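These figures come from a predicted structure and were not determined experimentally.
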Amino acid sequence: MALPDSITTCLSQPVHYVICKLGFEKKDTYDINNILSGNGEVCWQAVTEQVCYLESDQSMDYVKSIRSLGPVCESVNLYFKSLTKEQFVIHYASWFHWTNCTEVFLEVFDVLQYTQATEVALGLMKLTSCLERALGDVYLLKGNDCPFLLRDLLASEQLADVFLWTSCSNYIMNVLKVFIGSPHGLNLRNVLWHGFASPQEIPAKYCAMLLFLTAGLGQLLQTYLLQTKGVLIHRPYMIFNSLEELDAFPGTDEILSIAEELVKLSSFVLKTMLPFWISALTAFRQSRYADSVILLLPQLELGLRLLFTTTNKCPNRLLTAESSAFYTTFDEMLAKHLDNEEVNQLPVVLEEPAMESDFLWDFLNHQEGPRIRDRLSHGEINLETFPRKVANQIIGFAITILCRFSDEDMCSFKEHMVLKPLMNCASCYRSRFHPISRLKKQVLECMKSIHLWPELPVVPEEQVEKIKGLEGNADANTVILMISEVISQLQYYMPQNCCSSDDPIDSVLTERLLVELCDTRICTLYSPRPVLEVVVLLRKISAQCHQVSRQVTAGAGLRYTQWVNKALRSRQRHNYRRMLNSIKFLSPVLRLILLLITLELVSVHSVCKKNPFDYQQYLKFLKSVLQYTENLVTYTSPEKNKWDETMQLTKTTLIKIKKISDRKLMLMNLAT
C-alpha cells in the first residue's frame with residue numbers, strides 16, 4: 001500500500017519547539033569557567049543553579065530550565081571543540097571509567113569535532129544507554145534491586161544520595177532529567193530510540209552537555225567511593241547463547257549493495273530519515289555491527305508506525321506523544337487490539353503477517369528471545385562484541401520489509417536472484433522464542449536425552465543378584481503393557497499425516513513421531529491466555545521429564561563405575577538392581593508423557609472452546625501429570641533413590657491418563 005511521502009518531521013510541534021528551538025532562545029554567551037574548575041572538574045553548584053523550579057509546588061520547570069541551560073550547553077560544546085583528542089583523554093578519560101564504556105565516550109568526543117548529524121544522534125543513543133547501565137550499577141551500591149526504567153533511576157533517593165553535592169541543595173539528578181528520563185524535558189533518549197527525531201533535529205550541544213555531565217558524575221562518584229570505601233561492581237553483559245537459533249536470513253555483500261539502492265527508492269523510508277538507513281548499512285560494511293543495529297531498529301519502528309497509523313486511520317499517532325500521552329511503540333503496533341479495543345489492522349495489510357510479527361516478537365519482545373532493542377537501549381549488551389550474525393538478521397528483515405512496501409516500479413528488485421533466497425526465508429519463518437516454540441524444542445531435547453539410555457553402561461544381568469519380589473520383572477512388564485495400551489489409544493487422535501506403529505513403545509518410531517508432531521505449524525501470534533496457561537504447564541512437565549532423564553543417566557553411570565570398582569555396599573547393590581529394573585519402564589513412560597505433551601500442544605488452541613468447568617478439569621489433569629513428574633524427579637534423585645515407589649506412582653498415573661484418554665475417545669466417537 002502507498003505510504004505518505006510528504007512527512008518532513010515526526011516531532012509534534014510542541015516537542016519540536018522544545019528540542020530544536022527552546023534551548024537557543026537565550027543568546028547570552030556563558031563563561032565555561034563558571035562551571036569548570038582549573039583542574040577540569042565540574043562545578044556542580046553552578047550547573048544546578050541553572051535548573052528552575054515552579055513557585056507553586058517547587059517542582060521542576062522544564063521549559064525555563066531548558067532555556068536557561070541552552071547557553072551552558074553551547075559553551076560546553078565549544079569548549080570540547082577547542083580541545084585536542086590528547087588533551088581530552090588526559091583530562092577526562094579517567095572520569096568515564098565508572099561507566100565501563102570509556103571508549104564509547106571517547107568516540108562521542110570525536111563525533112563532536114565534526115558534528116556529522118547522524119553520528120551525533122548515534123553517539124547520543126550509545127551514550128544514554130551506557131549512562132543508564134552505569135547509573136544502575138551505582139544504584140546497586142545501596143544494596144537494592146535496580147529499577148528497569150531510567151526515569152525510575154533518576155527519581156530514586158538512593159542514587160541522589162550518591163551524587164548529592166555537599167554544598168548544594170539541589171539534586172544532581174534534576175540536571176540529568178532536563179535531558180533524559182523525563183517526558184517533560186528534552187527526553188533525548190526516548191525520542192531517538194523510538195525513531196521520532198531525524199538527524200538534523202538533534203542539536204550537538206546537548207550531546208556535548210551529556211558527555212560533560214557524565215564526566216562530572218564520575219568525579220563525584222570517585223569522592224563517594226573514597227569516603228565510603230565502596231567498590232563499584234559492574235553487572236555482566238548479556239551474552240547471545242545459541243546464535244544458530246537466531247540465524248534466519250542469509251547474508252551476502254550483494255544483498256547489502258541492493259539494500260543501499262532499496263532504501264533510496266522504498267516508500268517505507270521517510271526521506272528525512274534516509275541518512276540513518278545509509279549510515280546503518282555503512283556501519284555494517286565497516287564491521288560496526290552494534291552501531292548498525294542501533295541505527296536501524298528505530299527506523300524499523302518508525303516505518304512500521306507509519307504503516308500502523310495509516311492502516312488504522314490515526315495519523316496523529318505518528319508524531320511524538322506529549323508528556324500526557326504514550327508513544328506508539330513496537331509493543332502497541334504488534335498487539336492484536338488497539339487501546340480502544342478495535343482490531344489492529346496492521347497485521348491484516350501485511351503480506352506475510354505471521355512472518356513480520358513473529359520475527360519482531362522473537363527478536364524484540366519474547367522473554368526468552370534476544371530482546372535486542374530493550375537490551376541495547378538499556379546498555380545490557382557489550383557494543384564492542386556485538387555479533388555479526390545478529391546484525392545480519394536485522395538487516396535481512398529490514399530488506400524484506402523494504403521490498404514488501406515498495407512501489408510497483410521496483411518489481412525488478414523483488415525478482416532479483418540475490419533477493420529471492422532472502423524473501424523465501426522470510427515467508428518460511430516460524431517463531432523460535434514463543435513459549436509454544438520453546439516447548440517443541442524442550443520435547444525434542446528431552447527425547448534425545450532418553451534416546452541415549454540404551455547406551456548407558458550396565459552390569460550384565462547374570463552378574464546382578466536378583467532381588468526378592470522382582471524375579472522375572474513382572475511389575476515392570478505390567479507397567480510396560482499399560483504404557484503400550486495408552487499409546488495405542490493416543491494413536492486414534494493423532495494427526496492423519498503422522499506415522500503410527502504396530503509397536504507403540506518402539507523408541508525410534510516414537511522419536512520420529514515426536515519430530516513429525518513438533519514440525520506441525522501452530523499459530524503463535526496473539527495466543528489467548530488459556531493457551532498460554534496450558535503451554536506453561538506442558539513446559540513444566542517437559543522440564544521435569546528431562547530432569548528425570550539427566551538423573552537416571554548420571555546415576556546409572558555412577559553406579560556402574562562403583563560396581564566395577566567393587567565400591568558398592570550390599571544395600572547399594574540391591575538399590576542399583578532396582579534402578580536397572582525401573583529404567584525398563586521409565587524410558588517408555590517418559591516417551592509416553594512427551595507424546596502426550598506434544599499431542600496436547602498440537603491441539604492447544606481447542607482449549608478456548610472448552611466451557612469454564614471443562615477447562616478447569618483439564619488444567620487439573622495436567623497439574624496431576626506435573627505432580628507425577630515432580631515426584632519422579634524426587635524419587636530418582638541421588639538423595640532419595642526410591643525406585644520401588646516410582647513403579648506404584650507410575651501405575652496410578654497411567655490409570656488416570658487412560659481414563660482421560662477413554663473419555664476423549666468416547667467424545668470423538670460421539671462427534672462422528
Side-chain angles (χ1 to χ4, degrees), residues 361 365-369 431-447 449-450 483 486-487 489-490 493-495 510 513-514 517-551 586 588-637 646 649-650 652-665 667:
W361 272 95
N365 284 32
H366 284 316
Q367 288 302 302
E368 294 177 71
S431 175
R432 300 172 185 195
F433 298 102
H434 187 280
I436 287 176
S437 307
R438 305 315 285 173
L439 174 55
K440 289 180 178 181
K441 184 184 179 187
Q442 280 182 245
V443 167
L444 294 178
E445 287 178 348
C446 184
M447 187 65 222
S449 175
I450 298 168
I483 295 169
V486 174
I487 293 181
Q489 278 186 320
L490 293 180
Y493 51 90
M494 287 181 189
T510 306
L513 176 59
L514 284 173
L517 288 171
C518 286
D519 198 45
T520 304
R521 191 149 199 166
I522 304 169
C523 179
T524 55
L525 194 59
Y526 309 137
S527 298
R529 181 176 178 179
V531 168
L532 294 176
E533 285 180 337
V534 169
V535 171
V536 167
L537 280 172
L538 295 177
R539 291 191 69 184
K540 289 180 179 179
I541 295 170
S542 176
Q544 296 299 315
C545 288
H546 203 161
Q547 181 61 21
V548 171
S549 180
R550 282 191 288 261
Q551 289 179 178
L586 280 177
V589 81
L590 289 179
R591 283 187 271 117
L592 164 62
I593 293 174
L594 292 179
L595 183 57
L596 178 66
I597 288 172
T598 313
L599 286 171
E600 296 304 319
L601 177 62
V602 169
S603 60
V604 70
H605 285 279
S606 65
V607 300
C608 298
K609 300 176 183 177
K610 295 181 182 290
N611 61 51
F613 176 79
D614 287 344
Y615 178 64
Q616 290 302 320
Q617 290 299 110
Y618 178 61
L619 290 183
K620 186 177 179 181
F621 164 67
L622 292 181
K623 288 175 182 177
S624 70
V625 177
L626 174 59
Q627 183 66 58
Y628 164 69
T629 56
E630 289 173 342
N631 288 337
L632 272 187
V633 169
T634 300
Y635 290 162
T636 60
S637 66
T646 62
L649 189 68
T650 300
T652 304
T653 301
L654 287 172
I655 292 171
K656 192 174 297 185
I657 294 175
K658 189 175 186 303
K659 183 178 178 181
I660 294 293
S661 179
D662 286 341
R663 183 171 181 271
K664 192 170 184 178
L665 192 57
L667 293 174

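To the nearest 0.5 Å, atoms OG1 (T598) and CG (L513) are separated by 8.0 Å. Residue L595 holds its CG atom at 9.5 Å from CE of M447, rounded to the nearest 0.5 Å. Distance check: L514 CG to K440 NZ gives 12.5 Å after rounding to the nearest 0.5 Å. Interatomic distance, CZ of R539 versus CG of L601, reported as 11.0 Å (0.5 Å rounding). Atoms SG and CD, from C545 and E630 in turn, are 11.0 Å apart once rounded to the nearest 0.5 Å. Going from atom CD of Q544 over to atom OG1 of T629 covers 5.0 Å, rounded to the nearest 0.5 Å.
For the side chain to side chain contact (heavy atoms under 4.5 Å, CB included) criterion with L517, the lone passing option out of L594, V602, I597 is V602. Residue I593 forms a side chain to side chain contact (heavy atoms under 4.5 Å, CB included) with just one option from I483, I541, V443, V548, and that option is I541.
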Worked verdict on L590 versus L632 for side-chain contact (heavy atoms from CB on, under 4.5 Å) = CA-CA 10 Å; L590 289 179; L632 272 187; 4.3 Å; yes

Should Y628 and I657 be marked as a side-chain contact (heavy atoms from CB on, under 4.5 Å) after you check the CA-CA gap, both sets of side-chain angles, and the distance that decides it?
-> CA-CA 11 Å; Y628 164 69; I657 294 175; over 6 Å; no

Can you check side-chain contact (heavy atoms from CB on, under 4.5 Å) on K659 and F621, steps first, answer last?
-> CA-CA 11 Å; K659 183 178 178 181; F621 164 67; over 6 Å; no

Go through the steps to decide whether E600 and L538 satisfy the test side-chain contact (heavy atoms from CB on, under 4.5 Å), and finish with yes or no.
-> CA-CA 8 Å; E600 296 304 319; L538 295 177; 4.2 Å; yes

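Remark: the backbone N or O of E445 is not paired with any side-chain donor or acceptor of S449 at under 3.5 angstrom.
Side chains of S637 and Q547 form no contact here, defined as non-hydrogen atoms less than 4.5 Å apart. When side chains are defined from C-beta on, S431 counts as touching H366, because their heavy atoms get closer than 4.5 Å. Taking the side chain as every heavy atom from C-beta outward, I450 and C446 approach each other to under 4.5 Å. Using a 4.5 Å cut-off on side-chain heavy atoms (C-beta onward), T653 and S624 make no contact. Contact of the L596 side chain with the V486 side chain is not registered, since no non-hydrogen atoms from C-beta on lie closer than 4.5 Å. Under the 4.5 Å side-chain criterion, counting only non-hydrogen atoms from C-beta, E533 is in contact with Y615. At least one side-chain heavy atom of L525 sits under 4.5 Å from a side-chain heavy atom of W361. Put simply, the side chain of L439 reaches to within 4.5 Å of the side chain of S542, judged on heavy atoms.
The heavy-atom pair separating R550 from A543 by the smallest distance is NH2-O, 4.5 Å. Shown here for N611 and D614, the closest heavy-atom pair between the two residues is OD1-N, 2.7 Å. Listed here is the closest heavy atom pair of S527 and C523: OG-O, 4.1 Å. Nearest approach of R591 to T510, heavy atoms of both residues: NH1-OG1, 3.7 Å.
Heavy-atom neighbours of K656 NZ from other residues, nucleotides or ligands within 6.0 Å: at or below the threshold of 12.
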